[in-house]
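Computed from a predicted model, the values in this text were never measured in an experiment.
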Amino acid sequence: MFHPRFRTIIFAFFMALFMSGFMSLVISIFNIGLVENILSVWLTAWLFAFCVAFPTVIFVAPIVHKLTNKLVRS
C-alpha cells in the first residue's frame, strides 16, 4: 500500500485513466463509428488523452476543491 502523502497523485492517476478512457472511446465512436479497427483507434486516442488528462487533473483538482468548498455550505 502507498503512504497517504501519495493520495493526490493516485487519485489523479485513476481519475485521468478512467475519464480519458471513457471519453476517448465515446469520441472515437462518435467521430468514426464502430469501424473494424476501432480498438486500435481508441487505444491510440486513449494514450494521447491520458498524457494530457493526468497532468491536467493534478493541476485542476485543487482549484475544483476550492470552488466546491465555496459553493457548498459547511
Side-chain angles (χ1 to χ4, degrees):
M1 293 312 230
F2 294 97
H3 191 276
R5 71 174 173 233
F6 297 114
R7 177 181 305 276
T8 303
I9 300 295
I10 294 168
F11 172 84
F13 176 83
F14 284 111
M15 179 63 75
L17 184 72
F18 294 126
M19 287 300 297
S20 64
F22 182 72
M23 292 305 299
S24 61
L25 176 63
V26 169
I27 297 300
S28 295
I29 292 172
F30 178 79
N31 282 327
I32 62 171
L34 288 171
V35 295
E36 185 176 312
N37 66 335
I38 189 65
L39 185 61
S40 174
V41 169
W42 170 51
L43 291 175
T44 301
W46 189 359
L47 177 62
F48 181 75
F50 179 76
C51 290
V52 172
F54 184 51
T56 301
V57 171
I58 289 174
F59 176 73
V60 172
I63 297 167
V64 172
H65 283 290
K66 287 179 185 177
L67 287 171
T68 302
N69 288 338
K70 287 184 180 196
L71 293 172
V72 175
R73 284 186 238 154
S74 53

Heavy-atom closest contact (Ser28 atom, Ala45 atom, distance):
OG-CB, 3.9 Å
What residues form a side chain to side chain contact (heavy atoms under 4.5 Å, CB included) with Met15, not counting sequence neighbours?
Phe11, Met19, Val57
Can you sort out the partners of Val64 under side chain to side chain contact (heavy atoms under 4.5 Å, CB included), two or more places apart, ordered by chain and number?
Val60, Thr68
Residue pairs passing the side chain to side chain donor-acceptor pair (under 3.5 Å) test with at least one member in residues 54-67, sequence neighbours excluded, are none
Apart from Ile27 itself, residues in the same hydrophobic cluster as defined by side-chain heavy atoms under 4.5 Å:
none
Under a side-chain separation threshold of 4.5 Å, the hydrophobic residues clustered together with Phe50 are Phe2, Phe6, Ile9, Ile10, Phe13, Phe14, Leu17, Phe18, Leu25, Ile29, Ile32, Leu34, Val35, Ile38, Leu39, Val41, Trp42, Leu43, Trp46, Phe54, Ile58
Pairs meeting criterion side chain to side chain donor-acceptor pair (under 3.5 Å) with involvement of residues 1-19, two or more places apart
none
Kindly give the cluster partners of Phe30, where membership spreads through any ILVMFWY side chain lying under 4.5 Å from a current member.
none
Side chain proximity check, Thr44 to Phe48, heavy atoms < 4.5 angstrom
no
